[in-house]
Amino acid sequence: MNEVYDSDNATHINSYRGGIISTIDEAKLESINALRMAGIEPYPYSYAVTHHAKEIKDNFDEMEGKEVSMAGRAMQMRQMGGITFIDIQDRSGKIQSLVRNNELDQKSLLVLANSSIGDTLGIRGIVMKSKRGEISVGVREITMLSKTLRTLPNKWQGLTDTEARYRYRHVDLMMNQEVLRTFEIRSKFLRHVRDTLDSRGGIEVETPILQDVYGGAKAKPFKTTYHTLDDKQMFLRISDELYLKRLIIGGAERVYEVSKDFRNEDADTTHNPEFTQIEYYEAYSDYETFMKMMEDMLSSFVLKTFGTLKIKYQGETVDFTPPFARMYWVEQLKNIMGTDVSTMSDEEAEKINKAEKLELKHPDPYHVADSLFDKYLKSKTVQPTFIMDFPAYMCPLTKIKRGNPLLAERFELYVGKMEVANSYSELTDPMYQRKMFEDQETERKKGDEEAPPFDEEFIGAMEYGMPPTAGIGISIDRPSMLFTDQTSIKEVILFPPMK
RNA sequence: GGGCCCGUAGCUCAGCUCGGUAGAGCAUCUGGCUUUUAACCAGGUGGUCGUGGGUUCGAUUCCCACUGGGCCCGCCA
């Protein structure tokens with residue numbers, strides 16, 4: 001056996017379940033030798049592809065009798081004497097190829113003899129139908145494009161073990177093509193959000209992921225150490241808000257960033273420690289502007305992608321026809337349980353925490369109000385719903401509600417019971433901002449680990465004068481779940497973190 | 001962090017209740033077959049039964065701990 005491909009050697013990096021997902025197959029190594037002996041390179045440089053499987057199938061009437069060349073992985077082989085059916089899978093789907101030995105030259109015959117399921121093959125041939133009516137490529141020439149050393153999972157059940165699917169996403173993708181479709185839809189959505197913001201004149205920017213002072217959200221950060229700067233303590237960003245606002249202050253007017261944010265907290269079906277959102281800031285606008293924008297953005301995406309405004313999510317029909325519902329949740333909570341969370345004191349919060357059995361670690365008004373929403377109102381947000389106006393104390397970076405100083409101008413957009421966007425009429429008064437930071441600092445000292453630290457530099461920037469601005473964070477992960485009918489965020493993250 | 005379930009061949013799974021040194025299908029290998037599509041027929045290879053400890057003459061099976069994963073609950077998007 002070739003030493004380079006000693007299986008222990010080649011696979012020791014994987015310790016999954018005390019083993020590995022497949023072994024190196026010695027027979028395949030022999031095939032490689034056989035091909036090379038005959039002067040055929042099993043790992044060539046390129047191949048001219050003219051068609052994909054789906055194209056051929058979708059346009060069979062025009063394609064019949066024409067020569068095509070396509071490439072992909074052999075997923076199944078059915079050999080019967082001098083004829084072999086090979087199902088070739090490319091990015092678009094699968095198509096059957098029909099190989100008759102007596103129609104092949106020596107070279108192709110040799111490739112065929114040394115092919116197995118899992119190999120990447122190039123197929124040149126004529127579009128036709130088999131006797132049973134299956135659209136096929138009648139093969140004239142078969143080319144080895146990449147010889148596999150490992151065995152594919154079985155063709156019936158494929159790879160279903162969730163852990164194996166995430167750890168070996170490459171195998172998941174080849175065995176479960178709908179996974180590729182999921183990530184195509186995610187990609188389309190991200191593209192659509194970018195297009196929307198570009199069309200408004202937004203400038204896409206990049207701001208630091210490694211930050212001296214984190215902020216812009218309530219969350220526990222990841223800490224890092226920068227050794228060449230004297231072991232300086234730095235943080236992975238929990239949000240890019242404070243940097244984007246500095247750009248607004250500088251006069252950029254409309255800026256956005258596709259932002260990977262990091263929050264040092266537990267993962268579950270709707271949370272991943274590393275997640276993607278787009279934050280967008282628009283000068284001279286307020287949060288009303290963004291309600292309209294979200295209605296347009298989501299409805300046009302759904303219509304363009306699915307050809308309808310109504311999609312199924314977990315058995316329920318979600319209708320993206322604008323305008324979306326608006327839920328004045330503080331008012332509704334007052335009606336349901338008599339508590340006005342906008343005026344809730346620390347003592348009241350603690351009492352409600354006990355009475356409602358919320359069992360919060362920090363039973364302060366912020367966490368109690370948040371958890372009351374989850375308990376009583378979240379279940380009503382299957383349809384796209386703007387959750388309107390939050391208690392001012394929940395929004396340290398937001399302007400107060402016109403006509404009601406107890407509330408702040410903020411909405412969260414929920415769809416399928418998931419928060420997918422969060423938007424504000426941004427606070428621009430530097431003196432009020434300073435006070436809000438001081439309050440946060442007090443919470444922090446009281447033990448709220450999630451309260452962000454005081455950011456003097458940011459206040460300094462705001463003291464130059466920040467124009468009226470609307471801000472929004474648009475989740476990419478959760479809408480991707482919605483559009484692909486997934487219940488776990490890991491299904492829309494290509495490589496979710498594993499222990 | 002709490003509760004429940006799971007880890008046996010490369011993959012998908014039986015076996016465990018009631019302890020006696022491991023089984024199927026697919027994959028792979030050999031042979032047969034020139035229109036199959038879960039092709040078929042015959043034969044073969046393949047397992048430190050997640051890890052460690054305990055009980056026992058004997059443990060994949062019973063007990064404990066650990067580890068990895070899934071689902072539900074609590075918390076941040």
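A note on names: the letters A, B, ... follow the listed sequences, proteins ahead of strands, and every chain is numbered from 1.
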Between rC76(B), rC75(B), rA39(B), which one does the side chain of Ser371(A) approach most closely? rC75(B)
His367(A) side chain: which of rC71(B), rU12(B), rC75(B) is closest? rC75(B)
Distance between the C1' atoms of rU60(B) and rC75(B), in whole angstroms? 39 Å
C1' atom, rC26(B) versus rU37(B): distance in rounded Å? 15 Å
Any side-chain donor near an acceptor of the partner, Ser425(A) and Glu409(A), under 3.5 Å: yes
Give a yes/no answer on whether the side chain of Arg78(A) brings an N or O atom under 4.0 Å of OP1 or OP2 in rU36(B). no
Spacing of the P atoms in rG52(B) and rU61(B) (rounded, Å): 12 Å
Could you check which of rU35(B), rC11(B), rC76(B) has an atom nearest any side-chain atom of Leu159(A)? rC11(B)
Sugar-phosphate only, base, or nothing, as touched by Glu265(A) at under 4.0 Å among non-hydrogen atoms: base
Ala267(A) or Thr162(A), whichever maps to the more 5' nucleotide of RNA chain B: Thr162(A)
Nearest whole Å is fine: how far is rG70(B) C1' from Ile489(A) CD1? 17 Å
When you compare rG20(B) with rC62(B), how far apart are their C1' atoms, in angstrom units rounded to a whole number? 15 Å
Between rG50(B) and rC11(B), how far apart are the two P atoms, rounded to whole Å? 13 Å
For nucleotides rG43(B) and rA24(B), find the distance between their P atoms and express it as a whole number of Å. 12 Å
Sequence neighbours excluded, the answer for side chain to side chain donor-acceptor pair (under 3.5 Å) partners of Arg73(A) is none
Mind checking Asn422(A) for me? I need base, sugar-phosphate or nothing, with any heavy atom below 4.0 Å counting as a touch. nothing
Between Arg167(A) and Glu163(A) (salt bridge meaning N to carboxylate O under 4.0 Å), is one present in this structure? yes
Hunt down the Watson-Crick or G-U wobble partner of rU28(B), both distances under 3.5 Å, from any strand shown, or write none. rG44(B)
Glu356(A) CD to rG74(B) P, in whole Å, measures 14 Å
Between Arg132(A) and Met498(A), which has a closest nucleotide on RNA chain B that is more 5'? Arg132(A)
Under a 3.5 Å limit on both distances, the Watson-Crick or wobble mate of rC13(B) is rG23(B)
Quick one about Glu279(A) and Tyr281(A) (side-chain donor to acceptor, distance below 3.5 Å, no hydrogens or angles considered), yes or no? yes
May I ask you to decide if Asp485(A)'s main-chain N or O and Gln314(A)'s side chain share a donor-acceptor pair within less than 3.5 Å? yes
How many whole angstroms separate atom CZ of Arg165(A) from atom P of rG10(B)? 21 Å
Between rA39(B), rG74(B), rG70(B), which nucleotide gets closest to the side-chain atoms of Asp268(A)? rG74(B)
By the 4.0 Å heavy-atom rule, please label Gly158(A) as base, sugar-phosphate, or nothing. sugar-phosphate
Can you pull every protein N or O that's under 3.5 Å from an N or O on nucleotides 26-32 of chain B?
residue: rC26(B); atom: O3'; partner: Lys155(A); partner atom: NZ; Å: 3.3
residue: rA27(B); atom: OP1; partner: Lys155(A); partner atom: NZ; Å: 2.9

Counting just side-chain N and O atoms, does Lys490(A) come under 4.0 Å of either OP1 or OP2 of rG69(B)? no
Residues two or more places apart in sequence or in another chain: which of them pass side chain to side chain donor-acceptor pair (under 3.5 Å) with Asn422(A)? Arg410(A), Tyr424(A)
With both distances under 3.5 angstrom, what nucleotide forms a Watson-Crick or G-U wobble pair with rG1(B)? rC73(B)
Is the distance between the ring centroids of Tyr393(A) and Tyr366(A) under 6.0 Å? no
Any residue meeting side chain to side chain donor-acceptor pair (under 3.5 Å) with His192(A), in chain and number order, not counting sequence neighbours: Ser300(A), Lys304(A)
Which is it for Trp329(A) and Tyr376(A) under the ring pair (Phe, Tyr, Trp, His ring centres under 6.0 Å) test, yes or no, and what are the steps along the way? CA-CA 10 Å; Trp329(A) 67 285; Tyr376(A) 289 106; over 10 Å; no
Can Tyr243(A) and Phe458(A) be said to form a ring pair (Phe, Tyr, Trp, His ring centres under 6.0 Å), step by step? CA-CA 8 Å; Tyr243(A) 283 99; Phe458(A) 175 68; 9.3 Å; no
Closest of rG70(B), rG25(B), rG68(B) to the Gln157(A) side chain is rG25(B)
Among rC76(B), rG1(B), rG68(B), which is the nearest nucleotide to the side chain of Lys499(A)? rG68(B)
Give me the distance, rounded to whole Å, that separates rU67(B) from rG10(B) when you measure between the P atoms they each carry. 25 Å
Backbone of Val492(A) reached by a side-chain donor or acceptor of Arg186(A) within 3.5 Å: yes
Does anything in residues 82-103 of chain A reach RNA chain B, meaning a heavy atom under 4.0 Å, and if so which residues? Gly82(A), Ile83(A), Phe85(A), Gln96(A), Leu98(A), Arg100(A), Asn102(A)
Starting the side chain at C-beta, find the nucleotide from rG68(B), rC76(B), rU35(B) nearest to His271(A). rC76(B)
Any strand: nucleotide that pairs with rA59(B) via Watson-Crick or wobble, under 3.5 Å: none
Between rC16(B) and rA59(B), how far apart are the C1' atoms? Round to whole Å, please. 10 Å
Enumerate the residue pairs fulfilling salt bridge (Lys or Arg N to Asp or Glu O under 4.0 Å) with a member in residues 110-131 of chain A, sequence neighbours excluded, ordered by first and then second residue. Glu67(A)-Arg124(A), Asp119(A)-Lys147(A), Arg124(A)-Glu141(A)
Does Tyr366(A) reach a base, just sugar-phosphate, or nothing at all? Heavy atoms under 4.0 Å. sugar-phosphate
Output the single nucleotide from rC71(B), rG70(B), rU35(B) whose closest atom is nearest the side chain of Ser130(A). rU35(B)
